[in-house]
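Here's the structure, in structure tokens; my notes come after.
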Amino acid sequence: MINETIKSSLRQAMEQLGISPIPPEINMERPANRTHGDWSSNLALAVSKKVGKPARELAEQISGYMNANLPEGVEEVSMAGPGFINFKVTHRCLLQVLIEALEKGPDGFGRLDIGKGRKVNIEFVSANPTGPLHAGHARGACYGDAIASILSAVGFNAHREFYMNDRGLQMQIYGQSLQARKEGAAIPDGGYGGEYIIEWASLMPEGLSLSEIIEWGCAHAKQDQQETLAELGIHFDTWFSEKSMIENEGIERALEDLTTEGAAYEKDGATWLSSTKFGDDKDRVLVKSDGELTYLTPDIAYHRDKYERSDWLINVWGADHHGYVARMKAAMNALGNDPDDLSIQITQLVKLVRAGQEVKLSKRQGDIIELRSIIEEIGTDATRFMYLLQSVDSKQTFDLELAASRAMENPVYYVQMAHARLCSIERNAKDEGFTQVNLSLSELEVLTHAREIEILRYLETLPEVIELAARELAPHKIVTWTRDFANAVHGFYHDCYVIGDGVSTELTNARLNLVVASKTGLKVGLDLLGVTAPEKM
RNA sequence: GCCCUCGUAGCUCAGUAGGAUAGAGCGACCGCCUCCUAAGCGGUAGGUCACAGGUUCGAUUCCUGUCGAGGGCGCCA
């Protein structure tokens with residue numbers, strides 16, 4: 001990478017000029033303003049104090065030296081502002097990204113190996129098996145799946161996991177609700193009042209016992225959820241059953257070990273976790289005085305199980321669960337698992353509007369807008385793209401009507417259209433007898449138009465963007481890149497004809513390389529988001 | 001009361017491991033098709049980065065406080 005080359009030449013320049021101390025880490029960044037160059041270093045500003053000379057003076061000295069001894073791939077070094085050293089990269093160096101993208105293709109370009117095959121377990125959705133997935137599950141579903149894809153792309157061994165709370169009181173109530181609806185009776189107090197219960201009860205076989213009803217209901221809910229997730233292209237590696245930990249005594253063992261570690265105690269007829277010892281603000285009940293487990297206890301056993309199977313755990317939880325973070329980390333800490341290996345990502349709420357009007361998420365008692373109906377309304381691609389559009393740290397609002405529209409102001413269409421246009425150029429070129437053939441650097445040198453340079457510059461940043469998205473578990477950074485890159489593609493499309501009068505054969509061939517490389521970039525980005533890259537629209 | 005996330009253009013949001021003139025899309029206004037999808041491209045207007053302190057050569061970014069929005073503080077799940 002060119003920035004590595006620049007770093008070592010900076011270091012060399014300091015040595016030659018006798019400037020010390022040389023910092024262990026030299027910081028290279030992309031200047032916000034392109035006229036400042038392709039790369040920039042704040043080296044002079046950073047060391048100015050220690051060296052005892054003004055930053056501008058140091059920057060002047062270093063850039064002067066480097067201009068006289070230009071590293072490979074650098075065209076110009078300059079000092080600017082309060083003491084930045086800016087680098088302008090050569091045209092040839094910029095063109096290299098084309099060769100890389102074309103050689104690696106959509107399955108290789110932008111892939112890194114920072115994960116080194118480490119196992120990361122991503123638990124997300126984990127809806128109760130008592131009903132269909134609803135609007136509230138959408139953001140976590142899209143987010144969890146996207147970070148799993150991104151982490152895979154940077155060399156982690158990613159595992160998608162869904163935790164099913166298939167035991168406990170709420171399953172009893174769910175079963176009783178189904179049973180009541182089956183018999184045409186009123187649902188019990190605090191029961192599941194949703195419309196879907198009536199429908200599901202009618203699908204249920206006659207004459208089942210309550211425990212059989214629960215088993216049927218659980219399986220039915222799971223299947224229903226699986227279908228919805230499949231529509232979104234989300235497939236879990238593991239559906240982990242809470243009940244299975246009763247059968248294999250995992251919960252019991254967790255309780256015993258907490259007691260052995262001195263992290264659990266008895267009080268008022270209940271068993272408590274001394275979570276305050278490990279950073280929580282109060283102790284939490286593990287076993288209620290009636291002998292029933294709280295939600296926390298099986299979840300502790302479950303997380304411990306995940307620790308045994310993975311190097312890194314990521315949980316995607318809704319904002320309403322954030323209060324749960326401290327106690328889970330405390331419990332893991334008590335059991336001797338490093339809480340830093342557990343990342344808990346909280347997703348903030350999403351508000352839906354339709355044509356400017358807020359969409360009420362809960363329709364009536366027990367019924368919430370189903371995720372399925374959102375997918376039906378706006379389509380799979382728009383669902384994924386829109387839910388990934390913004391940082392999960394922020395509350396989000398988006399318009400269903402806009403997301404469903406086939407119009408330029410719809411960001412999904414804007415990006416997909418850029419890909420479709422590139423494909424269209426390829427098809428038209430083929431009709432004219434041109435097919436894309438990988439060219440050499442010198443043959444690509446005809447690509448000098450400002451629009452072409454802009455594409456090269458954006459394309460080059462994709463691997464960095466993927467790395468950042470992985471490091472920060474932030475898929476929306478990839479979304480932003482695809483939107484910016486699509487903008488560059490549309491500009492190129494508009495101003496640079498690939499085939500036609502006045503375009504030389506050499507230029508057509510070079511531009512076809514740019515077209516295919518750009519397609520690769522868009523495809524890589526969209527793949528990571530789980531959005532299709534259409535050939536035609 | 002305590003905890004979490006957020007507050008950036010009229011609207012929806014990027015940006016911040018401290019850096020140069022704070023960006024995009026939409027909306028408004030003005031241009032651009034005899035030519036690969038005008039489902040597009042370009043331009044103009046629009047900002048006290050909620051507010052007040054602090055740290056720093058430098059703060060939208062870090063710290064403290066205030067205000068505002070949403071969420072959470074159960075022997076519920």
Side-chain angles (χ1 to χ4, degrees), chain A residues 27 29 31-33 35-36 40 42 45-46 48-49 54-56 80-84 86 128 130 165 168-171 173 190 267-272 280-282 284-296 298-299 318-326 344 346-349 351 353 356 389-399 402 405-411 413-414 416-418 420-429 431-432 451 468 471-472 476-477 479-481 483-484 487 489-503 508 511 515 536-537:
Chain A
N27 192 13
E29 59 186 42
N33 187 336
T35 61
H36 289 134
S40 176
N42 65 352
L45 289 154
S48 148
K49 208 168 204 175
R56 284 178 63 95
F84 289 99
N86 293 332
N128 287 339
T130 55
N165 300 114
L169 188 61
Q170 98 273 353
M171 290 308 289
I173 297 169
K267 191 182 102 185
D268 304 332
T271 307
W272 295 71
D280 197 1
D281 29 357
K282 51 184 83 159
R284 310 289 172 174
V285 173
L286 293 166
V287 185
K288 297 189 258 179
S289 49
D290 65 3
E292 180 57 50
L293 302 169
T294 62
Y295 177 82
L296 177 63
D299 215 8
D320 54 342
H321 279 67
H322 96 264
Y324 201 71
V325 173
I344 300 181
I346 301 295
T347 64
Q348 298 297 317
L349 296 182
K351 186 163 98 183
V353 297
L389 202 56
Q390 272 128 37
S391 161
V392 291
D393 289 338
S394 297
K395 285 172 288 179
Q396 184 185 10
T397 303
F398 77 84
D399 195 312
L402 172 68
S405 72
R406 302 172 64 79
M408 62 180 185
E409 56 265 35
N410 179 353
Y413 276 87
Y414 184 81
Q416 290 186 316
M417 190 62 198
R421 280 185 146 177
L422 293 170
C423 293
S424 152
I425 293 174
E426 254 193 313
R427 282 192 301 271
N428 290 321
D431 290 346
E432 301 290 324
R451 297 295 203 176
L468 193 64
R471 208 171 57 221
E472 298 183 1
H476 76 277
K477 292 189 188 270
V479 177
T480 303
W481 183 87
R483 298 176 75 181
D484 290 343
N487 182 249
V489 167
H490 287 304
F492 164 75
Y493 180 88
H494 186 262
D495 290 348
C496 303
Y497 277 73
V498 173
I499 39 180
D501 306 339
V503 184
T508 295
R511 283 183 172 167
V515 164
K536 204 179 234 178
M537 290 177 74

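All chains are named by letter (A, B, ...) in the order of the sequence lines, taking the proteins before the strands, and each is independently numbered beginning at 1. Side-chain atoms are counted along with the backbone in the values below, which use heavy atoms only and exclude waters and symmetry mates.
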Open item on the list: Can you build the contact string for nucleotides 20-25 of chain B? Use B for base contact, S for sugar-phosphate-only contact, and - for no protein heavy atom under 4.0 Å.
Closed with: BB----

Task: B/S/- contact track for nucleotides 70-77 of chain B, protein heavy atom under 4.0 Å - done: BBSSSBSB

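Separating the P atom of B:U55 from that of B:U16 is a span of 26 Å, rounded to the nearest Å. Spacing between B:A50 and B:G68 at atom C1', rounded to whole Å, works out to 8 Å. The same atom, C1', is picked in B:G10 and in B:C29; the two are 14 Å apart, to the nearest Å. If you take atom P in B:C51 and the same atom in B:C67, they sit 16 Å apart, rounded to whole Å. Separating the C1' atom of B:C63 from that of B:G46 is a span of 33 Å, rounded to the nearest Å. Taking atom C1' in both B:U60 and B:C6, one finds a spacing of 14 Å when rounded to whole Å. B:G65 and B:G58 have their C1' atoms separated by 23 Å, with the value rounded to a whole Å. Atom name C1', nucleotides B:A17 and B:U44: the rounded distance is 37 Å, in whole Å.
Helical stems in RNA chain B, defined as runs of 3 or more consecutive Watson-Crick or G-U wobble pairs with both donor-acceptor distances under 3.5 Å, are listed by first residue as B:1-7 with B:67-73, B:10-13 with B:23-26, B:28-32 with B:40-44, B:50-54 with B:62-66.
Under the ring-ring contact (aromatic ring centres under 6.0 Å, His included) criterion, A:H490 pairs with A:Y414, sequence neighbours left out. The side-chain contact (heavy atoms from CB on, under 4.5 Å) test applied to A:D495 returns A:H449, A:R451, not counting sequence neighbours. Under the side-chain contact (heavy atoms from CB on, under 4.5 Å) criterion, A:A80 pairs with A:N86, not counting sequence neighbours.
Contacts of A:K536 with the nucleic acid, taken as non-hydrogen atoms under 4.0 Å apart, include base atoms. Within 4.0 Å (heavy atoms only), A:C423 reaches no atom of the nucleic acid at all. Residue contacts for A:S424: at a heavy-atom cut-off of 4.0 Å it reaches a base atom on one of the strands shown. A:R406 comes within 4.0 angstrom of a nucleotide base, judged by non-hydrogen atoms across all strands. Residue-level contact check: A:Y497 touches the bases, meaning some heavy atom is under 4.0 Å from a base atom.
Along RNA chain B, the nucleotide closest to A:H490 and the one closest to A:L45 are compared, and the more 5′ of them pairs with A:L45.
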